[in-house]
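In what follows, chains are A, B, ... by sequence order, proteins preceding strands, each numbered from 1.
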Amino acid sequence: MGGSPQQVTGTVLTTRRVDAYHALTVVAPGIAERFRPGHFVSVSVGGPGTSMVTRRALAVHDVKPDYGGTVEFVVAVRGPGTAWLADRRARDTLDLVGPLGRPFPLPRDPVNCVLVGGEYGSATLFALADALQRRHCRVDFVLGAAAADRVFGALRARRVGETTTLTTEDGSLGLRGRVADVLPGVVTDVHADVIYACGPMAMLREVTAVGIDFDIPVQVAVEEAMACGIGVCMTCVLPVIGDDGVTRMVRACADGPVFRGERVRFEDVGTIPFDALGAPGGGGSARHVT
Amino acid sequence: MGGSPQQVTGTVLTTRRVDAYHALTVVAPGIAERFRPGHFVSVSVGGPGTSMVTRRALAVHDVKPDYGGTVEFVVAVRGPGTAWLADRRARDTLDLVGPLGRPFPLPRDPVNCVLVGGEYGSATLFALADALQRRHCRVDFVLGAAAADRVFGALRARRVGETTTLTTEDGSLGLRGRVADVLPGVVTDVHADVIYACGPMAMLREVTAVGIDFDIPVQVAVEEAMACGIGVCMTCVLPVIGDDGVTRMVRACADGPVFRGERVRFEDVGTIPFDALGAPGGGGSARHVT
Amino acid sequence: MSLDVPAVDMRTYLAHVELANPVTTAAGCAGTGRELSQFFDLGRLGAHTTRTITMAPRAGRPTPRMTETPSGLLNAVGLQGPGIEAFLGRELPWLAQRSIRTVVSIGGGSVAEYTALARRLADAPGVTAIEVNLACPNIEDRGRVFARDGAASAEVVASVRSVTRYDVPVVAKLSPDVTDVVAVARACVDGGADALSMINNPLGVCIDVDTLRPALAAVSGGLSGPAVRPLAVRCVWQVHAALPGVPIVGVGGVMTGRDAFELILAGACAVAVGTALFHDPLAAVRILKELEDALAARGFQRLADAVGLAHRPPGSGSRHLEESSL
Amino acid sequence: MSLDVPAVDMRTYLAHVELANPVTTAAGCAGTGRELSQFFDLGRLGAHTTRTITMAPRAGRPTPRMTETPSGLLNAVGLQGPGIEAFLGRELPWLAQRSIRTVVSIGGGSVAEYTALARRLADAPGVTAIEVNLACPNIEDRGRVFARDGAASAEVVASVRSVTRYDVPVVAKLSPDVTDVVAVARACVDGGADALSMINNPLGVCIDVDTLRPALAAVSGGLSGPAVRPLAVRCVWQVHAALPGVPIVGVGGVMTGRDAFELILAGACAVAVGTALFHDPLAAVRILKELEDALAARGFQRLADAVGLAHRPPGSGSRHLEESSL
Ligand SMILES: Cc1cc2nc3c(=O)[nH]c(=O)nc-3n(C[C@H](O)[C@H](O)[C@H](O)COP(=O)(O)OP(=O)(O)OC[C@H]3O[C@@H](n4cnc5c(N)ncnc54)[C@H](O)[C@@H]3O)c2cc1C
Ligand SMILES: Cc1cc2nc3c(=O)[nH]c(=O)nc-3n(C[C@H](O)[C@H](O)[C@H](O)COP(=O)(O)OP(=O)(O)OC[C@H]3O[C@@H](n4cnc5c(N)ncnc54)[C@H](O)[C@@H]3O)c2cc1C
Ligand SMILES: Cc1cc2nc3c(=O)[nH]c(=O)nc-3n(C[C@H](O)[C@H](O)[C@H](O)COP(=O)(O)O)c2cc1C
Ligand SMILES: Cc1cc2nc3c(=O)[nH]c(=O)nc-3n(C[C@H](O)[C@H](O)[C@H](O)COP(=O)(O)O)c2cc1C
Ligand code: FES
Ligand code: FES
């Protein structure tokens, strides 16, 4: 981790539309200086007198040294909180907590990395690409989404990556289909040593399956509905297999959002697997008997 | 009444600070054209996603024909709703319902009227003064407040009224004291035939007492905490004596806000007088016996 | 309705009484009907519910009677109203003349008083249904609220049912402040209730930290508005799961068509709008339109097909609500 | 604290245990303590309350476990936790080493399980108090929640009390979803509870109108946040009026020092902060500061002087809460 998280009131520096998304750059030195790729922030939404009591989790897209340190995030409007964020303007203030979560682990050696992003999930990959390239890793991108205007960061990926492969489900940009359709080809072509992925759960599952097929590690950054983002509420859990082989319901926010793909029991997300530690009826190896 | 009330989305035209108050002018043709002096409007506060479920009642200070019709109101920040209103800027929209309530009754003949305002209560008196003067009534003002910056409309009163007497409790403007202290002198001097008053309840009570002393009618516009402003919630009641001599708990919003002062049982506001219709234990003349 | 949205059959039934649509006003939140009719034609609603009518006129509680709470409203009006005679003389005829479907809410301090009220209504024209407001203190049981006691509630309902015309449904209105709302609901149905309405306001208190005193003169009041919606949906869910055949009027925090839809999916076949009317005099008609649009957008042709649907996920049995989230 | 604001004596007592100030974390809302200690020194609070500790490790409920509601949060975590052994091995020592006052919340499915938990805690160092989370289903009573039944609650409390060291207070945590919270409170006190904590989450349901299914995997969940504050203040008010000598921990929707003050004026001598921690990791220390400022601004020299003050208006007797707003 990059030091303990901060709660800061940041001023919005710029806002811009990027296809289907809204990008906000916020002055937040305390967060920017602690940021490592894969971290996220949580944002208070709704302003004074709001009825919304929980923060919204957002990946950090970019960190810049301007004004002591800025963070940028990319927002897809889903419900009332993200709609409110999309309405922010320069000079508005935002209450941020971050950086949160465990960042992506970086390889020691200069290896070949394929970075896979789905929808706004790509946003988190660019700081990662920079860090990898600073370690002399090769970076190739595979980005996908439902339609062209939802593929985030294609231009930047083309600039930064050795190659960039794009997919859309409706065929409006790049290849028609899903990232997992093209990923095996890319992995083969670039002799990938590791895959990093961020995007919807279904995509992460498919990407992980590709990694398993090729026997290369996959680091996934997952997304789960979060009430606190700091590890205290236990609402964001998913079943993950630990080093000891035991499945535990771990927190996406504090134990993740980055996990080894093959450790995440994607098929069982949204359930308590019967063999998870503490599952009803006595799952897991550590069941306590009185 | 001036026709049935409307619900309109009005655009804020201008906002300005007036001493301790915030004046907002809002384009609201449907309301402006139906307005009569004494009417009020109710405003939705907090914006999308707000936790504030009730509207705020505001007197209409001014109505102008610009842009098809504007209404102006004067806001004193008290709690979160009025604070939100004070933050509005030109081009923001406001959801208004109005005009509401029963307006001031106007005399048929050209009589001498003293208009008494406390704090922002003065705001409602200027449209009244215009209407009275159109009927060739003489208008004199007595305006008071706790301190100079809370006396609303002194300049305009000086322009409009024959005389204007100001009072402040701290003596920072006009005479030190309360409006009721100077009112008997004014009533005598101008040979007043009727008093109109709007302001805090304590002031209205004292003004009414003066009217009773001089045996002239007092029309008071009262203020009670309101949840709906349209007569359906029954939260804004106060004890008022009817033509039949029976005290009823009547609605400030729909039966008022204007009442004959001597009919309002000011001492009993905040209670159910034992002899009110339907009081516990069987008050009022119309108690039903099975 | 726009041309590309197919019309949805919005009819619903309170027992055997057909309503043109499921949206009604909530008791005590829509005045005499006259006030709202300045804004829209009340006849467009499924029904109008009156304030709770009592035998004698009632002056209600002292002020302050209301305070705002987060996403809610706390009120202690205390059933201010004109009494049954004035209601029959002045309020009901006005509604009847306009053919406004009217649910008359009644409240009393004893079984006898409820019964007397129902009797007075029996030959009054224009009564679509009687709603029995059980959130009244029982003077024969040290002021304990009827709704908190299944047996007392059932007794009131049975007695009202017995003096009411067979074609006028009796709706029991329940409070959420009970240990087991299903038990009270079952008692009322066993006592003869044709339908249930829930929820009445849970009891709350606010303290004014400046005066250091309760914000309401009555100390406690009823909480309403969006804050209580999850409680309302829960009560409707539990009772519909236990008594799937009983028509339920869902009430509590409905501000939009989506909120109404939530109650319907939980098992309500009609929805009453209360606090929203204070914020937005046109709320009830807006909610009706939004609900119709929401149904149409999801391919429903009939409102009836959505009632209780959240209990029956495609391809699985009905899920039962557990008593606790443990 | 600024120089012109006199210091307020913020000490309070949970039975005979002195706390430096009245602000604690609420059970299940502050993790292991380690997470929040990234943001501030937990030792600054009156106490830290643990999540509810169970005998065996618990994986909790499936996701989705949360949904936002108006001014509230609906959750069904299902007491996910490590079980008592891991708690005693890893969590409690961490707190004890830092001298953090720790209230250990316990939950079980039977009287025996609660008792066994209390026994395991009896010789553990660093237990300031035991909070008995009664919102657990009683497996011996068809899953009926203990908190809904005064006798069952009292039995749990009595048994926990009997195996707990005399100098460790036993706090009974009550649910608002009961017909008569005073009756349950009284039963717990008669059973030996040294203090009461209220309220646990009322049960709610939300339906997702797009999936047409309940928003939570567990269907129902516990409602928390500002939406429930009027219910919490009401429960504290009622119980303090009936049992003025019993220390009460007020819980429910406390987001600011004013909210904490409200509960204190209603009769709480300590205040627990739950959902606010999710929004604002520094909430508890901010609230403590705001509460102290609010007391100072009103001329209080001691927190204790404000406890229950709203019951005693100057110059009049204690006002009793009536059961209904009728
Ligand atoms: C680690 C992480 C990083 C994320 N990064 C981004 C990003 O860069 N850009 C972006 O647009 N979105 C991102 N999301 C998703 C974003 O947090 C949700 O879209 C947002 O919280 C929805 O809020 P709402 O008010 O619009 O919707 P609502 O559905 O009204 O939200 C209601 C509640 O559910 C929670 N919630 C609902 N869906 C999600 C979800 N998918 N993830 C987390 N909480 C949820 C919200 O926090 C809120 O408490 C990220 C989520 C996570 C967990
Ligand atoms: C007929 C009438 C005309 C008014 N005209 C003006 C005016 O021209 N300028 C002005 O500044 N104020 C006026 N007021 C008072 C104004 O409505 C309140 O100050 C305002 O509602 C307080 O809202 P808040 O959110 O700031 O305070 P809060 O105390 O948070 O309000 C909480 C709730 O109580 C209600 N409430 C509290 N106090 C009052 C009150 N005195 N009157 C009505 N409702 C109240 C609010 O509607 C809201 O529902 C008028 C009130 C009435 C009844
Ligand atoms: C001001 C007010 C007055 C009410 N009066 C009554 C009443 O007379 N009879 C009744 O059964 N319910 C009464 N209720 C309860 C409502 O009918 C409704 O059950 C409750 O408010 C929840 O719905 P809502 O959140 O849409 O308001 C009243 C509610 C409010 C807010
Ligand atoms: C996510 C979550 C988990 C909770 N877990 C527990 C718990 O383990 N034990 C318990 O007694 N109460 C638990 N509660 C209830 C809280 O301690 C508290 O009583 C309630 O949330 C009301 O306070 P609040 O509005 O400040 O959150 C939990 C509440 C939430 C929101
Ligand atoms: S969001 Fe609260 S523990 Fe992860
Ligand atoms: S404010 Fe609702 S009746 Fe007057």
If we only count heavy atoms from C-beta on, is the D:T63 to A:L238 side-chain gap below 4.5 Å?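 Side chain of D:T63 against side chain of A:L238, heavy atoms only: no contact under 4.5 Å found.
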
Should A:T54 and D:T275 count as side-chain neighbours, where that means a heavy-atom distance under 4.5 Å?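 A side-chain contact is absent here, since even the closest heavy-atom pair is not under 4.5 Å.
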
At their closest point, which heavy atom of [X] faces which heavy atom of [Y], and how far apart are they?
X      : Y      : result
D:V77  : A:C233 : CG2-O, 3.3 Å
D:F278 : A:R55  : O-CD, 4.0 Å
D:L277 : A:I230 : O-CD1, 4.1 Å
A:M234 : D:R65  : O-NH1, 2.6 Å
D:G72  : A:V53  : O-CG2, 3.3 Å

What's the separation between atom CD1 in A:I272 and atom CZ in D:R58, rounded to the nearest 0.5 Å?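 If we round to the nearest 0.5 Å, A:I272:CD1 and D:R58:CZ are 10.0 Å apart.
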
Rounded to the nearest 0.5 Å, what separates atom CD in D:Q80 from atom OG1 in A:T235? 10.5 Å

Which of [options] touches chain A most, by non-hydrogen pairs under 4.5 Å:
options                    : value
D:A59, D:A30, D:G31, D:P64 : D:A59
D:A276, D:G33, D:G60       : D:G60
D:M66, D:E68, D:M255       : D:E68
D:E113, D:R34, D:E35       : D:E35

Are there over 12 heavy-atom neighbours, none belonging to [X], within less than 6.0 Å of that residue's [atom1]?
X      : atom1 : value
A:R89  : CZ    : yes
A:R178 : CZ    : no
D:E290 : CD    : yes

Checking heavy atoms, do the side chain of D:T69, its backbone, both or neither come under 4.5 Å from chain A?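 Contact with chain A involves the backbone of D:T69 alone.
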
With a 4.5 Å cut-off on heavy-atom pairs, point out which of A:G231, A:A225, A:A227 contacts chain D the most.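 Between A:G231, A:A225, A:A227, the count favours A:A227.
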
If we define contacts as heavy-atom pairs under 4.5 Å, which of A:V237, A:D268, A:V97, A:T50 has the most with chain D? A:V237

What part of A:R251 lies closer than 4.5 angstrom to a heavy atom of chain D: side chain, backbone, both or neither?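 Side chain only.
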
